[in-house]
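Below is one structure; the comments refer to it alone.
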Amino acid sequence: MSPIGSIRNKLASAGVKRAEQLRAAAVRAATRNGKAHYSYEDPQEDILLMQETVSERIREGEDPAAVMGSSVFLREGAVPPFFSIFIAVREPDLKLFRATLTSVLEQTYGSFELYILDHGISDQVRDVIGWYREKRLRYLDVSDGNGPSAMYNRAAAQAEGDYILRLECGDLLTRDALFEAALAVMQTDAEILYADEDRRDARGKNFSDPWFKPDFSIDYLYAVDYMSRMLIVRRSLFLALRFREGYEEAPEYDLVLRAPKSGIHHIPRILCHVCQKGNPPAEEIECRKRALEDYFRVRNIRAAVRPSRLPGIMEIQYIPDIFSARPMVGIVGGKVLDGRHRIIGGMLDERGNLLFEGWDEAAEGPRMIAQTTRNAWSVDVRCMKIRPELQGLYEEVFGYSYEGHVMHSGDRLGALSREFCSRVREMGYTIVWNPMLKRVERS
């Protein structure tokens with residue numbers, strides 16, 4: 001090709017790329033402006049009253065299984081947990097401070113203690129604390145010059161709870177939050193529990209931006225700090241791991257990375273209205289990056305970590321590739337698109353339903369969920385990369401070699417994709433869905 005022809009091709013390619021960037025930006029703007037309406041509704045009063053009655057009977061020593069009845073599953077010998085809740089304050093907004101205290105003290109589950117960690121509060125704040133005259137309130141002076149990590153570690157060592165929870169001033173627990181957490185503990189004996197959340201406005205009356213989180217996903221955790229609010233940790237595990245100095249901007253994220261991953265449970269309910277505006281600050285993003293880099297270093301995973309263009313999300317580049325860096329990743333799948341950039345294949349749930357079906361490839365969804373790497377139940381063979389060791393199984397399931405597979409719509413690709421992924425998972429491998437991996441299906 002002549003030099004002029006090469007230049008023309010580059011200009012044409014640049015024009016197509018720029019046009020695609022503009023189209024994607026327009027899609028993202030349209031979806032952000034057209035967010036679906038959301039409103040939070042408290043549980044009905046009769047349900048809250050039932051929870052209070054059950055909680056009181058359990059506190060008086062009755063057997064939880066007998067109180068809750070046969071319709072509610074509990075582990076044999078399940079013991080109702082006692083919670084220790086920490087709120088660190090210096091000179092808080094008194095309105096937000098009162099709101100957080102009230103949201104804890106009005107819980108339907110009453111087996112808890114609430115620690116006020118004082119690192120230099122005024123008499124006015126002390127007056128607010130004293131006004132409550134609540135025996136479950138604990139006061140701990142931590143104004144000794146030590147950092148936040150040492151402060152929380154000291155509080156956890158002194159606390160009496162089976163599980164601990166840290167709140168920020170302004171966060172609001174839903175009235176059933178601790179009851180749901182206690183029920184989950186008695187059902188699963190999990191060491192770490194996390195729940196869905198939304199955001200509160202300044203008045204604490206209107207809620208928005210719900211975050212309906214997935215069950216535990218290691219790859220989603222690498223990309224997003226999705227557990228920190230609200231995160232409940234068994235106190236013995238916390239004392240074994242503790243918050244680390246130097247990671248104060250993302251202490252829960254660093255702790256969960258270092259924790260065992262076998263005892264993590266998701267409570268699929270909105271249990272906390274978070275007092276947070278906008279995207280995570282740069283200091284928090286940098287702290288998460290360092291925590292993840294340290295996690296990879298300790299586990300000898302060769303990977304480069306950097307913030308992506310999407311707010312709050314980390315981008316990971318494995319060296320030389322994910323299969324070499326992580327021996328237990330078996331499959332990586334992406335998006336299958338039609339000629340109009342609509343998703344027609346990709347990540348499937350356990351029932352075989354396609355997630356984000358019909359969405360534009362650039363659409364982000366709540367909390368960037370459609371653009372964030374996560375683990376999948378199964379993925380579409382039309383946009384799939386596999387570990388070399390699985391090529392024999394691939395040929396057995398699909399009847400073609402992996403390298404030479406020419407796919408046709410009549411080949412039962414959906415059913416065979418699910419079968420292949422199921423067998424790969426049974427072998428102990430994980431499946432990763434990467435939204436940046438794409439393939440256009442031409443009609």
Side-chain angles (χ1 to χ4, degrees), residues 12-32 214 217 219-220 222-224 303-304 306-311 313-318 320-323 325-326 329-349 352-387 390 394 398 400 402-409 411 413-414 416-418 420-421 424 430-443:
S13 177
V16 170
K17 183 176 181 180
R18 178 58 178 163
E20 174 54 27
Q21 290 174 340
L22 292 173
R23 189 200 66 78
V27 169
R28 290 193 292 268
T31 54
R32 288 169 186 163
S217 166
D219 282 272
Y220 194 56
Y222 293 163
V224 181
R306 65 181 181 185
S308 76
R309 65 168 183 82
L310 302 173
I313 296 176
M314 288 297 170
E315 184 177 294
I316 303 167
Q317 182 176 3
Y318 295 99
D321 59 51
I322 191 171
F323 298 122
R326 293 173 57 190
V329 172
I331 301 173
V332 177
K335 299 175 181 175
V336 182
L337 310 172
D338 64 14
R340 299 193 307 151
H341 304 274
R342 304 291 177 179
I343 296 175
I344 60 172
M347 178 168 53
L348 306 170
D349 65 18
N353 298 318
L354 173 62
L355 280 71
F356 316 123
E357 183 173 10
W359 289 31
D360 190 279
E361 63 168 313
E364 296 166 340
R367 305 292 183 109
M368 309 293 173
I369 191 71
Q371 299 293 341
T372 309
T373 299
R374 60 194 282 192
N375 297 106
W377 191 264
S378 63
V379 291
D380 195 313
V381 68
R382 291 175 292 176
C383 188
M384 177 188 290
K385 296 180 179 180
I386 70 171
R387 174 170 292 281
L390 297 175
Y394 184 100
F398 291 99
Y400 299 93
Y402 173 69
E403 298 294 343
H405 190 174
V406 178
M407 301 173 206
H408 303 282
S409 58
D411 286 345
L413 297 180
L416 294 176
S417 295
R418 294 192 295 275
F420 178 65
C421 290
V424 168
T430 60
I431 299 171
V432 178
W433 180 72
N434 181 355
M436 300 299 107
L437 183 64
K438 304 170 187 176
R439 178 178 182 272
V440 178
E441 183 81 350
R442 301 297 182 185
S443 56

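If you read the sequence from its start, that first residue is 1, and numbering goes on from there.
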*Just how far is it from atom CG of Leu310 to atom CZ of Arg367, taken to the nearest 0.5 Å?*
14.0 Å
*For the residue pair Val381 and Leu416, establish whether any side-chain heavy-atom pair is separated by less than 4.5 Å.*
no
*Hey, what do you get for OG1 (Thr373) to CH2 (Trp433), rounding to the nearest 0.5 Å?*
8.0 Å
_Are Ile331 and Phe420 packed together at the side-chain level, in the sense that at least one heavy-atom pair is separated by less than 4.5 angstrom?_
yes
*asked:* Would Asn375 and Ile431 count as a side chain to side chain contact (heavy atoms under 4.5 Å, CB included) here? Give the steps.
replied: CA-CA 6 Å; Asn375 297 106; Ile431 299 171; over 6 Å; no
*From the options Asp219, Ile313, Asn434, select the one residue that forms a side chain to side chain contact (heavy atoms under 4.5 Å, CB included) with Thr372.*
Ile313
_Are the side chains of Glu441 and Arg439 in contact, using a 4.5 Å heavy-atom criterion?_
yes
*Show the numbers, then the answer: is there a side chain to side chain contact (heavy atoms under 4.5 Å, CB included) between Ile369 and Arg374?*
CA-CA 9 Å; Ile369 191 71; Arg374 60 194 282 192; 3.6 Å; yes
_Heavy-atom closest contact (Trp359 atom, Glu364 atom, distance)_ = CZ3-C, 4.3 Å
*Report yes if the side chains of Lys335 and Phe356 come closer than 4.5 Å at any heavy-atom pair, otherwise no.*
no
*Could you give the distance from CD1 (Ile344) to CG (Asp380), rounded to the nearest 0.5 Å?*
8.0 Å
*What's the verdict on side chain to side chain contact (heavy atoms under 4.5 Å, CB included) for Met347 and Trp377, showing C-alpha distance, side-chain angles and the deciding distance?*
CA-CA 8 Å; Met347 178 168 53; Trp377 191 264; over 6 Å; no
*If you draw a 6.0 Å radius around NZ in Lys438, do more than 12 non-hydrogen atoms from other residues or ligands fall strictly inside?*
yes
_Residues Gln371, Met436; criterion side chain to side chain contact (heavy atoms under 4.5 Å, CB included); working and verdict_ = CA-CA 8 Å; Gln371 299 293 341; Met436 300 299 107; 3.2 Å; yes
*Can you find a pair of side-chain heavy atoms, one from Tyr402 and one from Leu390, that are under 4.5 Å apart?*
no
*Under 3.5 Å, is there a donor-acceptor pair between the side chain of Glu361 and the main chain of Ile343?*
no
*asked:* Nearest 0.5 Å, please: how far is CE in Met407 from SG in Cys383?
replied: 9.5 Å
*State, yes or no, whether a side-chain contact exists between Leu348 and Val379 at a heavy-atom distance under 4.5 Å.*
no
*Do Phe323 and Val329 touch side chain to side chain, with heavy atoms closer than 4.5 Å?*
yes
